[in-house]
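Lettering of chains follows the sequences in order, A, B, ..., and the numbering in each one begins at 1. What you see is a predicted model; the values in this text were computed from it and never measured.
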Number of protein chains: 2
Amino acid sequence: MTDAVLTASRLLVAVSARSLTAVGEDVTLPQFRMLIVLASRGALRAGELADLLAVHPSTATRMADRLVAADLVDRLGNPENRREVIVQLTATGQQLVGDVTRRRRSEIAAIVERMDPQLRGSLVAALRAFARAGGEPGVDSSRDAGALGWS
Amino acid sequence: MTDAVLTASRLLVAVSARSLTAVGEDVTLPQFRMLIVLASRGALRAGELADLLAVHPSTATRMADRLVAADLVDRLGNPENRREVIVQLTATGQQLVGDVTRRRRSEIAAIVERMDPQLRGSLVAALRAFARAGGEPGVDSSRDAGALGWS
DNA sequence: ATACACATTTGTATAATACAAAAGTTGCCG
DNA sequence: CGGCAACTTTTGTATTATACAAATGTGTAT
């Protein structure tokens with residue numbers, strides 16, 4: 001059973017990576033995760049961003065540096081609280097996320113199209129049950145789905 | 001639907017990472033992937049190893065360097081063909097893989113235990129159909145499952 | 001024998017990552 | 001008010017993963 005889940009999982013990761021390279025743009029997968037989080041949650045403090053990505057704050061700082069250099073995100077000072085830094089997508093960043101997401105969705109849709117319709121329905125129910133059975137405080141499914149860009 | 005698959009996928013990755021850290025041992029996830037491949041396929045040439053892990057040959061060389069230093073793999077010269085290098089697990093490496101795999105299986109089993117038995121069965125069938133529908137030359141499910149240690 | 005093809009390693013560069021320490025900011029308490 | 005504690009982010013430093021290009025050594029076929 002785990003075998004089946006893992007295979008499906010690998011397939012999705014492959015689709016995800018392919019959609020990214022297909023669009024061109026020299027963005028790594030971790031960087032794209034950051035863009036996705038910003039697209040789904042809007043502007044965020046650096047620390048929140050690090051938490052959502054489950055990385056060290058310094059990692060988020062440096063990843064943001066590179067994305068600023070690529071003109072995909074902006075860093076804003078917050079006049080209210082000057083120790084906080086707000087990160088948000090630029091217009092270019094928004095467009096990139098949109099392009100990749102569109103492509104990815106169409107690839108997934110094509111796969112689902114090829115599935116036996118009967119099985120399509122049971123897939124969702126079974127996976128939900130699996131995730132629920134494995135549910136734990138640290139795993140917030142809606143958050144994670146968003147972070148990966150599949151919400 | 002993709003949301004459901006992705007959530008399940010994240011859960012498995014989390015289980016995998018947790019099993020690894022629980023065993024202690026200062027091994028990274030990519031390194032562990034290499035150990036898993038060696039455990040399931042036996043001794044391999046450096047190039048084969050790189051192919052199976054889908055990384056550049058030089059990456060495999062350097063990863064193997066670190067695992068040799070940690071006494072988890074050995075590098076053997078092949079007297080038959082001296083341009084090839086054979087990499088294989090040490091006894092310590094085998095034991096590490098065994099420990100982590102055991103722990104992981106028991107975590108997965110615990111999750112499956114908590115699932116509605118009806119859904120357990122449909123999960124496998126649905127996922128197989130999904131993977132088949134997305135099947136492509138580059139994605140060999142048995143290979144990938146092995147590479148991730150879920151075979 | 002010579003040249004081409006193959007397998008691995010080395011040189012070099014970048015990204016992701018963590019931990020520890022520094023620096024600036026805010027708020028509170030005496 | 002003044003200073004100290006708690007917080008946010010950044011910087012310093014180190015390691016790993018990664019790729020591409022070039023070098024090295026090895027086998028093979030013309």
message: Below the 4.0 Å mark, does dT9(C) have OP1 or OP2 next to a side-chain nitrogen or oxygen of T61(B)?
response: yes

Picking from dC19(C), dT18(D), dA15(C), the nucleotide nearest the side-chain atoms of Q31(A) would be dA15(C)

Rounding to 0.5 Å, atoms OG1 (T101(A)) and CG (L96(A)) come to a distance of 8.5 Å

For R104(B) and F32(B) the tightest heavy-atom approach is NH2-CE2, 3.9 Å

Rounded to whole Å, the CD-P distance (E84(A) to dA6(D)) equals 18 Å

side-chain contact (heavy atoms from CB on, under 4.5 Å) test vs R45(A) passes for just one of V87(A), I86(A), N81(A), namely I86(A)

**Asked** Base, sugar-phosphate, or nothing for R62(B), non-hydrogen atoms under 4.0 angstrom?
**Response** base

M63(A) CE to dT10(D) P, in whole Å, measures 13 Å

Taken to the nearest whole Å, CG/L49(A) to P/dA16(C) is 13 Å

H56(B) NE2 to dT12(C) P, in whole Å, measures 16 Å

Looking only at dT26(C), dA17(D), dA19(D), the nucleotide nearest the R82(A) side chain is dT26(C)

N81(B) atom CG is separated from dA5(C) atom P, nearest whole Å, by 18 Å

R45(A) has its side chain closest, among dA20(C), dG27(D), dT9(D), to dT9(D)

Here the distance between atom P of dT8(D) and atom CG of L76(A), to the nearest Å, is 18 Å

Considering only heavy side-chain atoms of P30(B), the closest of dT8(D), dA15(C), dA17(D) is dA17(D)

Of the listed dG27(D), dT9(D), dC19(C), the closest approach to the R83(B) side chain comes from dG27(D)

Rounding to 0.5 Å, atoms CE (M34(B)) and CG (L53(B)) come to a distance of 5.0 Å

Problem set entry | Sugar-phosphate, base or nothing in reach of E80(B), heavy atoms under 4.0 Å | sugar-phosphate

Whole-Å distance, R66(B) CZ to dT17(C) C1', equals 13 Å

So CE of M63(B) and OG1 of T28(B): to nearest 0.5 Å the spacing works out to 7.0 Å

| request: Ignoring backbone atoms, establish whether T59(A) has a side-chain N or O less than 4.0 Å from OP1 or OP2 of dA18(C). | output: yes

Taken to the nearest whole Å, CG/D65(A) to P/dT17(C) is 14 Å

